[in-house]
Amino acid sequence: MNQPNPNDPQSLTEDQLKDPRIARRDKLRRLHEAGIDPWGSRFDDRLMVSAVRELEDQVRYRTEAGEELPLPELGPSVDLRAWRAEQGPGEEIGPTVRVAGRVMLFRDKGKLVFITLRDWTGEIQIFIGLNQVGEENFGLTKLIDLGDLIGVDGRLGRTNTGELTIFAERLHFLTKMLEPAPDKHLGITDPELKQRMRYADLAFNEGVMQTFLERTEIIRSIRRTLDQDGFCEVEGPTLHAIAGGAAARPFVTHHNTLDRQLFLRIALELHLKRLLVGGIERVYELGRVYRNEGISPRHNPEFTMLEAYQAYGDYRTMMDLTERIVTDAITAINCGYRRHFNGHEVDFTPPFERRSYAELFQQATGVDPTDEPAVIALARRLGLDTVGKHPDVIRNEIFEEKVEDSLIGPIFVIDYPASICPLTKRKADNPEIAERFELFVGGMELANAYTELNDPDLQQALFETQLDGMAEEDSMAKMDHDFVRALRYGMPPAGGLGIGIDRLVMILTGHKSIRDVVLFPVLRPETHDSPSHPAVDEPAAADE
RNA sequence: GAGGGCGUAGCUCAGUCGGUAGAGCAACGGACUUUUAAUCCGUUGGUCCUGGGUUCGAGUCCCAGCGCCCUCACCA
């Protein structure tokens, strides 16, 4: 401790101590000196803050006569101090509890300190009085900074203003925070830092924890709905020899021993359908897929997808299932059927509206989608490039431009042009139409489902058909011989469904960016002048 | 990839006509036993994103770069 060292606390000037990081390091040293482990240890028998709050009605006022009175209902007009005076001399009694959490607010009144403590279930106020906890324990408050983790034993009661409060009898230091605390009211507001340092975002920003806990609840609910319907959850491969099942550019990787190029999966579809062939009649996977494409408020390069397949069903089966998955998830997080998303009110009260693609097309454009010359003329008016493109591709570009944004929904758009649906069964009475639906909410595609194509010869032909005007890498026409062979073994007629889980969570939790519902979205590498670089190096082991 | 906006103290931000930097919070010292974004008194803290340029003088004007955000494009 006596070695000369720029970080030797003995040599710190008062000015240096004004740097928040150095001040925290100095308190760390003082904790050590006081014989307190600043990194804490096992802390048993604590209650969650939410559980403590449920004990509030056990707080009583006991008069000298031994009569126990419940405290009055709280309200702005209730003066608890006056109420106690009315009851005559006595004392407030309440259950003794133990909690642990992060110090969010710290109000030092001299011989009295109020702390707002947060755990993952909520916040509660702690009262620490010099006379109540004693000199030695009270001294600990001088070493507590915002963001530190502490434990408290105390009696539950109410302050004069009526706030439910734990009156500390003993403090336990559990972990020091060495970084400066974010603004105590605003938290971290820089969206990049929120994502890059999600730990701090979760710890200090209001509502972030709730969003991610709701995400977990939604995913649990989805599993529950499917499991109760007899679906079987499986894990398909994420490394694919052929990245099929969707039109998207894959990430490319390489296996050294096999010396082979592999792709990260862009969809779950083709392997789940192989399992249908194998006889897993109701199968789903809830997992990550990877698409090597642009990043936007609605697109993260990796995202979570649900795909479910039901033998002997069709797309209408999947429509009912989709509706149930969504409404069950709403029930699970108890947010109500009416949700606000991106400036729209969306009412999820079932049943959701069901309209055909052609009907919506005609309504929005005034053009009959089967009238090919009229469609092409319309595309030219809209400034779309029509040269060398398949009519269905043109139709769909018009649909995306003129219709999709206005689909506030929830609305099932059903019966798509067949040639843009190479994995979908055609309608028995009209081979131009595919038995497919997409669910739109707030102008965003949320789910996509169809009656699965199980004719191996037709599937092979569709894989071989490169749609005019589509780049090969953008097309779904990627021949997967093994998949076609699987179909030759007989895949039952089936309905299949895909739901973008991140988008569902966005809508149900009211976030307009996918990065608010993905814990660690893809970011550029951190630049070197980033604020996360500490101003102080690790202190040399001056004490040893 | 294109267009627009932003980048100033640990955090959130202000900064006038181009004249050499300011507030609140945090930190540090002090007062206060029922506060609650506690309050009050005092103190400290700056690579004004980076690099050029114009100018006697640039946080401010110009150019380039980097990063972030928004819109568009891409994304069945």
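Every chain is numbered from 1 and lettered A, B, ... according to where its sequence line falls, protein lines coming before strand lines.
Atom CG in A:Leu407 sits 13.0 Å away from atom CZ in A:Phe412 (nearest 0.5 Å).
Between the CG atom of A:Asp26 and the C1' atom of B:C28 there is a distance of 11 Å, rounded to whole Å. In this structure, A:Leu112 atom CG and B:U35 atom P are separated by 9 Å, rounded to whole Å. At whole-Å resolution of the value, CE in A:Met177 and P in B:C11 are 12 Å apart. What separates CG of A:Leu130 from P of B:U34 is a distance of 13 Å, to the nearest Å. Taking atom NZ on A:Lys194 and atom C1' on B:U12, their separation rounds to 14 Å, with Å as the unit. The distance between atom CZ of A:Phe204 and atom P of B:G10, rounded to the nearest whole Å, is 17 Å. Atoms CE (A:Met104) and P (B:C11) sit 17 Å apart, rounded to a whole Å. Between A:Phe114 atom CZ and B:C32 atom P there is a gap of 16 Å when expressed in whole angstrom units.
Taking 90° from 0 as the syn/anti boundary, the base of B:U20 is oriented syn.
Contact annotation: side chain of A:Thr159 to base of B:U35, donor-acceptor pair present below 3.5 Å. Judged by distance alone, with hydrogens and angles left aside, A:Gln125 brings a side-chain donor or acceptor within reach of the base of B:U35, the pair sitting under 3.5 Å.
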Scan nucleotides 68-72 of chain B against the protein and return all N/O pairs shorter than 3.5 Å with their distances rounded to 0.1 Å.
from, atom 1, to, atom 2, distance (Å)
B:C68, OP1, A:Arg524, NH1, 3.3
B:C68, OP2, A:Arg524, NH1, 2.6
B:C69, OP1, A:Arg515, NH1, 2.3

Polar pairs (N or O, both sides) under 3.5 Å between protein and nucleotides 37-42 of chain B?
from, atom 1, to, atom 2, distance (Å)
B:A38, OP1, A:Lys184, NZ, 2.8
B:A38, OP2, A:Arg107, NH1, 2.7
B:A38, N6, A:Asp108, O, 3.1

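Ion pairing between a basic and an acidic side chain is recognised when a charged N comes within 4.0 Å of a carboxylate O; A:Arg298 and A:Glu445 show no such pairing. Under a 4.0 Å N-O distance rule, the pair A:Asp516/A:Lys194 does not qualify as a salt bridge. Between A:Lys425 and A:Glu435 there is no salt bridge, since no side-chain nitrogen of the basic residue lies less than 4.0 Å from a carboxylate oxygen of the acidic one. One finds no salt bridge joining A:Arg24 and A:Glu179 here, because no Lys/Arg side-chain nitrogen approaches an Asp/Glu carboxylate oxygen to under 4.0 Å.
The nucleotide B:C72 finds its pairing partner in B:G1, both defining distances of the Watson-Crick or G-U wobble pair being shorter than 3.5 Å. Pair assignment for B:C32: none, as no Watson-Crick or G-U wobble contacts are both less than 3.5 Å. Nucleotide B:U12 is matched to B:A23 when pairs are restricted to Watson-Crick or G-U wobble geometry with both distances under 3.5 angstrom. With a cut-off of 3.5 Å on both pairing distances, the Watson-Crick or G-U wobble partner of B:G51 is B:C63.
The environment of NZ in A:Lys512 is sparse: at most 12 heavy-atom neighbours from other residues, nucleotides or ligands sit within 6.0 Å.
No engagement by A:Ala181 is indicated, since no non-hydrogen atom pair under 4.0 Å with the nucleic acid exists. Across all strands shown, A:Glu438 has heavy atoms under 4.0 Å from sugar-phosphate atoms exclusively, and none from any base.
No donor-acceptor pair closer than 3.5 Å links the side chain of A:Arg198 to the backbone N or O of A:Arg196.
In terms of the ring-ring contact (aromatic ring centres under 6.0 Å, His included) criterion, residue partners of A:Phe127 (sequence neighbours excluded) are, by chain and number, A:Phe114, A:Phe167.
A:Arg436 and A:Asn448 share a donor-acceptor pair across their side chains, judged by distance under 3.5 Å alone. Between the side chains of A:Gln132 and A:Arg155, no donor N or O sits under 3.5 Å from an acceptor N or O. Checking A:Glu438 against A:Tyr416 by side-chain atom types alone, a donor-acceptor pair falls below 3.5 Å.
Looking at the side chain of A:Leu146, the nearest of the listed nucleotides B:U34, B:U35, B:A26 is B:A26. Distance from the side chain of A:Asp145 is smallest to B:A27 among B:U35, B:A27, B:C74.
Comparing the same atom, P, in B:A9 and in B:A14 gives a spacing of 12 Å after rounding to whole Å. Spacing of P atoms, B:A38 relative to B:U20, comes out at 36 Å, to the nearest Å. Going from the C1' atom of B:C17 to that of B:G57 covers 15 Å, rounded to whole Å. Distance noted for atom C1' between B:G7 and B:G46: 15 Å (whole Å). Using atom C1' as the reference point in both B:A23 and B:G45, the two lie 14 Å apart (nearest Å). Taking atom P in both B:U12 and B:G51, the straight-line distance is 23 Å, to the nearest Å. For B:C61 and B:C48, the C1' atoms lie 16 Å apart once the distance is rounded to whole Å. Taking atom P on both B:C74 and B:C6, the two are 28 Å apart, rounded to the nearest angstrom.
In terms of position on RNA chain B, the residue among A:Pro182 and A:Phe127 whose nearest nucleotide sits closer to the 5' end is A:Pro182.
Across A:Pro410 and A:Leu439, no two heavy atoms sit closer than the pair CB-CD1, 4.0 Å.
Listed pair A:Lys142 / B:G30 fails the phosphate criterion, with no side-chain N or O lying under 4.0 Å from OP1 or OP2.
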